[in-house]
Amino acid sequence: MSHRPDHDTAGAPAPGDLDRMRAELAALGAPPMPADVTTRIGAALAVAAGDRTPARRLRPALFAGLAAAVVAGVAAVAVTVGAPAAPRVASEESDLRAAGADALGAPDAGALTDPVRRRSCLTAAGAADAGAPLLGGRPYTVRGEPGTLLVLGTGVLGRFRFVVVDAGCGPASGRLLASTTAGR
Amino acid sequence: MTTSIGSDRELLADHLAGVTGAFDELFRRYRDRLWAVAFRTLGDRADAEDAVQEAFLSALRTRSYRGDAEVGTWLHRILVNKCMNRMRRARRDPVTGDGPFDRPGRGPDLSTAVTSRLALDGALALLAPEQRAAVVLVDALGYPVAEAAAILEIPPGTVKSRSARGRARLVALLAEAQEGRR
């Protein structure tokens with residue numbers, strides 16, 4: 001559309017221009033929250049919620065109602081291989097939870113980005129959730145031993161599994177260096 | 001047996017009582033609406049994400065809810081205040097501010113925008129924060145004037161006047177941009 005005022009009165013746009021402006025503004029629309037943003041904010045809320053003292057569990061019916069959104073959010077996250085980040089040092093579980101939230105969406109899981117290698121690694125390490133979707137990863141050091149921090153989906157909104165496996169974790173062997181769950 | 005999911009007030013009451021998961025449902029219900037408000041108001045994805053996250057975290061950590069506004073209105077108020085603060089900071093410090101159109105090299109240039117939509121996004125960013133908030137809520141996202149007034153905590157008449165002045169300013173800005181390309 002033309003935005004040239006269709007009249008000569010300075011300082012007061014014509015009604016036609018204002019009507020067209022209304023239409024253009026309305027046409028901008030309301031974009032939904034992108035899936036990656038949903039996942040990151042959900043993780044931040046999960047970590048923050050962990051600082052609160054839970055008193056009761058969610059009503060079962062409500063909990064069930066959340067499942068679809070959870071799965072959609074988890075499935076929407078794609079992790080690709082990128083340049084490795086500097087390893088981090090863990091000392092406390094709270095550090096791991098914070099690092100895990102930070103690693104959500106990070107593309108630095110290295111060889112464990114390969115789902116087949118990751119599954120065999122997690123199976124060898126004795127992790128119960130070997131087939132869980134990968135939501136992020138980066139190098140991470142536990143008590144001086146370098147490893148890889150993996151952020152795994154659990155299928156529950158706001159709940160993530162943070163697992164650290166040894167650097168050589170694969171089909172032949174794998175060791176779980178640390179693990180925790182954030183959220184509920 | 002069918003158990004209905006709670007109202008917003010019931011969910012917030014559950015959350016304040018420590019019921020795990022109640023806030024997740026509030027997040028699910030309002031994330032898209034708050035995202036749209038933040039994205040249209042701030043005009044930048046990263047800024048919008050920061051503002052929405054801050055707003056939900058503030059709401060999550062609240063220990064009291066006065067109940068004088070609907071939960072949705074209350075959540076919007078928190079978000080809009082975050083957005084307004086960001087816009088004001090950006091205008092005070094246009095070089096280092098976080099506003100997408102206050103940083104050199106970011107945001108569409110009104111004089112060279114190739115599409116009307118880009119130009120409109122850019123023009124929106126040039127409105128005063130108070131006008132921008134009213135225009136985004138009422139004109140871009142279709143909130144009723146009364147609801148926008150409750151969110152912005154101003155009289156409905158003020159929402160209307162800010163929105164009207166904002167639209168007029170947008171028309172003038174875009175006309176200037178078109179003249180500048182000739």
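Note that the structure is a prediction, hence the values are computed from the model and not measured. Each chain gets a letter, A, B and so on, in the order its sequence line appears, and its residues count up from 1.
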When you look at B/Arg45 and A/Val37, which way does the side chain to side chain contact (heavy atoms under 4.5 Å, CB included) test go after all the steps? CA-CA 9 Å; B/Arg45 200 176 188 272; A/Val37 175; 4.0 Å; yes
I'd like to know whether B/Leu174 forms a side chain to side chain contact (heavy atoms under 4.5 Å, CB included) with A/Met21, so could you lay out the CA-CA distance, the side-chain angles of the two residues, the decisive distance to 0.1 Å, and finally the verdict. CA-CA 10 Å; B/Leu174 292 170; A/Met21 179 52 64; 3.4 Å; yes
Portion of B/Phe39 that has a non-hydrogen atom of chain A nearer than 4.5 angstrom: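 The side chain, not the backbone.
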Quick check on B/Val37 against chain A: is it the side chain, the backbone, both or neither that has a heavy atom closer than 4.5 Å?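 Contact with chain A: none, neither part.
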Hey, is CZ on A/Arg119 packed in by over 12 heavy atoms from elsewhere, all under 6.0 Å?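 Counting neighbours around CZ of A/Arg119, 12 or fewer heavy atoms of other residues, nucleotides or ligands fall under 6.0 Å, so no.
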A/Arg22 atom CZ, neighbour heavy-atom count above 12 within 6.0 Å: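 For A/Arg22, atom CZ is not crowded (no more than 12 foreign heavy atoms under 6.0 Å).
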Step by step, would you call A/Leu25 with B/Leu170 a side chain to side chain contact (heavy atoms under 4.5 Å, CB included)? CA-CA 10 Å; A/Leu25 285 165; B/Leu170 288 173; 4.0 Å; yes
Would you say the side chain of B/Trp35 lies within less than 4.5 Å of the side chain of A/Pro31, judging by non-hydrogen atoms?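 Answer yes - side chains close enough.
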Is the closest side-chain heavy-atom distance between B/Tyr30 and A/Met33 below 4.5 Å?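 No, side chains not in contact.
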Option in B/Ala164, B/Ala140, B/Ala48 with maximal non-hydrogen atom pairs under 4.5 Å from chain A: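 Counting heavy-atom pairs under 4.5 Å, the top option is B/Ala140.
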Determine whether B/Leu57 and A/Ile41 satisfy the following criterion, side chain to side chain contact (heavy atoms under 4.5 Å, CB included), listing intermediate values before the conclusion. CA-CA 9 Å; B/Leu57 284 173; A/Ile41 295 180; over 6 Å; no
Looking only at atom types and distance, does a side-chain atom of B/Arg167 sit under 3.5 Å from a main-chain N or O of A/Asp17, one as donor and one as acceptor?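 It does not hold such a pair.
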Gap separating the CG atom of A/Leu28 from the CG atom of B/Leu141, nearest 0.5 angstrom: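 Spacing of CG (A/Leu28) from CG (B/Leu141) equals 8.5 Å.
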